[in-house]
Amino acid sequence: MEHYTFVLEDQPYLGYFQYGNEKTPVYTTDRHGFRVTPGPGGLRATVGDDRPDGPARLLAGSSAVFGVGATGDAATITARLWTAHAPRLPWLNLSGQSHNSAQELLLFTLFQHELPPLEDIVLLSGVNNLVLSRLPEDKQGRHGAFFDCGPAPEAVPPPEQRVAHASELTIRHLAGWKTLADGLGARLAFVLQSLAPWVREEPLPREKLLFDELDEVSNFRRFHNDISTMAVGRAYADRLAAGCARLGVPFLDMNVALGEAAAPEDWLFIDRVHGTDLGYDLVARQLAHHLDLA
């Protein structure tokens, strides 16, 4: 994790993004800052650099899609899809760390000209919008708050208000994805990304040690304890599922899928949002299975 420094580059429109042409012991980015997806036989697929000719599939989202916590590019969700669980076409990783749903949609529109024909677009998202729902109305604007737009407030809205606000924003921006996907002839699916307390009521002992240590230096527990319950996670998923149904977009709650697939001893999370190599592999496996990607 020491190599995932979260030092991002200021960029117009997006706010911030990964630096291009970075190579660390755990991750590699292309010229634009998108993470490289290694494939079978030494192949690679990136948004801005080399990739095999022909159509591809796209996984979009924020830092979990980027693969924070993975020990290398080959352990990311896109890499596990391409090399193991849904290998028919290359997978592109279109993700920006700490992005909300508006930034995810904007990222796609800004770099759509770099993309090959797409057969599938999978949007793995939702948690950041709910996290950012803690911020006051003057920071939300018309399109939702973003990270680092102001200091964390002492008081936060009640969970039901946060769920309603985050789900409205997520579905509003998903409608934009649907319009673009339909125009490109791509199949679109929305997946609510996993949050540790929405997957298991109690973390593994080694996960709890990590969470407790992180809580000493961060405000996650202080500001998000109210949404870190199974009940809130399911309520959020229900609202998102209803919104996806209205749009005609397939929906998957990765929290339920991951909870059913993981063995009791499986170490899934490096923090409450990001996975271990095993966690990301299980996510890729569930995406392939539930979304008929295999």
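Since this is a predicted model, take the numbers as computed values, not measurements.
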Q | Intermediate values then yes/no, side chain to side chain contact (heavy atoms under 4.5 Å, CB included), Leu59 and Leu92 | A | CA-CA 6 Å; Leu59 183 67; Leu92 301 176; over 6 Å; no
Nearest atoms (heavy-atom pairs only) where [X] meets [Y]:
X	Y	value
Leu258	Gly279	CD1-O, 4.4 Å
Ala84	Pro87	O-CD, 4.1 Å
Asp30	Gly48	OD2-N, 2.7 Å
Leu214	Ile270	CD1-O, 4.1 Å
Thr83	Pro38	CG2-O, 3.8 Å
Lys178	Gly248	CE-O, 4.0 Å

What's the spacing between [X] [atom1] and [Y] [atom2] if we round to 0.5 Å?
X	Y	atom1	atom2	result
Glu265	Leu204	CD	CG	8.5 Å
Trp267	Asp277	CH2	CG	9.5 Å
Leu107	Gln11	CG	CD	9.0 Å
Leu58	Leu94	CG	CG	5.0 Å
Arg285	Leu293	CZ	CG	14.5 Å
Glu168	Ser101	CD	OG	9.0 Å

Q.
How about NE2 on His143, more than 12 heavy atoms from neighbouring residues, nucleotides or ligands closer than 6.0 Å, or not?
A. no
Q) So does Glu213 have more than 12 non-hydrogen atoms from other groups sitting under 6.0 Å from CD? A) no
Using a 4.5 Å cut-off on heavy atoms from C-beta on, say whether the side chain of [Y] contacts that of [X].
X	Y	answer
Thr109	Leu180	yes
Gln286	Val191	no
Pro203	Phe211	yes
Phe146	His99	no
Gln161	Pro158	yes
Pro116	Pro55	no
Pro90	Arg57	no
Phe190	Val122	no

For [X] and [Y], does a side-chain donor sit closer than 3.5 Å to a side-chain acceptor?
X	Y	value
His224	Arg162	yes
His32	Glu114	yes
His165	Asn129	no
Asn93	Thr37	no
Tyr27	Glu22	yes

Between [X] and [Y], is there shared hydrophobic-cluster membership here, with clusters defined by ILVMFWY side-chain heavy atoms closer than 4.5 Å?
X	Y	answer
Leu169	Leu240	no
Leu123	Leu89	no
Met1	Leu209	no
Leu115	Val36	no

Would the distance check show the side chain of [X] and the main-chain N or O of [Y] forming a donor-acceptor pair, the cut-off being under 3.5 Å?
X	Y	value
Asp266	Ala263	yes
His85	Trp82	no
Ser95	Phe66	yes
Tyr16	Asp10	no
Thr76	Gly72	no
Ser62	Ser98	yes
Tyr236	Ala231	no
Tyr4	Ala70	yes
Gln140	Leu132	yes
Trp91	Ala86	yes

**Q.** Leu195 and Val199: CA distance, side-chain angles, deciding distance, side chain to side chain contact (heavy atoms under 4.5 Å, CB included) verdict
**A.** CA-CA 7 Å; Leu195 188 71; Val199 175; over 6 Å; no
(Q) For Arg134 and Asp226: C-alpha separation, side-chain torsions, deciding distance, then whether salt bridge (charged side-chain N to carboxylate O under 4.0 Å, His left out) applies. (A) CA-CA 10 Å; Arg134 76 184 191 274; Asp226 59 339; over 6 Å; no
Q: Please lay out, stage by stage, how Phe108 and Ile121 fare under the test side chain to side chain contact (heavy atoms under 4.5 Å, CB included).
A: CA-CA 11 Å; Phe108 182 75; Ile121 299 172; 4.0 Å; yes
Q: Show your reasoning for whether ring-ring contact (aromatic ring centres under 6.0 Å, His included) applies to Phe34 and Phe17.
A: CA-CA 9 Å; Phe34 292 101; Phe17 198 61; 5.1 Å; yes
Q | Among Val131, Asn100, Leu8, Leu135, the one residue meeting side chain to side chain contact (heavy atoms under 4.5 Å, CB included) with Phe147 | A | Val131
(Q) So that I can tick it off, tell me whether Asp73 and Arg44 are bridged by a salt bridge, with the cut-off set at under 4.0 angstrom between side-chain N and carboxylate O. (A) no
**Q.** salt_bridge(Arg31, Asp50) N-O dist < 4.0 Å
**A.** no
Q.
As a quick check of understanding, evaluate side chain to side chain contact (heavy atoms under 4.5 Å, CB included) for Leu252 and Met254, giving each step before the final call.
A. CA-CA 6 Å; Leu252 173 65; Met254 184 53 69; 3.8 Å; yes
Q: Output all residues satisfying side-chain contact (heavy atoms from CB on, under 4.5 Å) with Asp253, sequence neighbours left out; order by chain, then residue number.
A: Leu192, Arg234, Ala237, Phe251, Asn255, Val256
Q: Report the C-alpha separation of Phe269 and His274 in whole Å, then their side-chain angles, then the decisive distance to 0.1 Å, and conclude whether the ring-ring contact (aromatic ring centres under 6.0 Å, His included) test is met.
A: CA-CA 6 Å; Phe269 291 95; His274 304 116; 9.4 Å; no
Q: Sorted by first residue and then second, give each side chain to side chain donor-acceptor pair (under 3.5 Å) pair with at least one member in residues 237-251; sequence neighbours left out.
A: none
Q. What pairs meet the side chain to side chain donor-acceptor pair (under 3.5 Å) rule with one or both residues in residues 184-207, with sequence neighbours excluded?
A. Asp120-Arg187
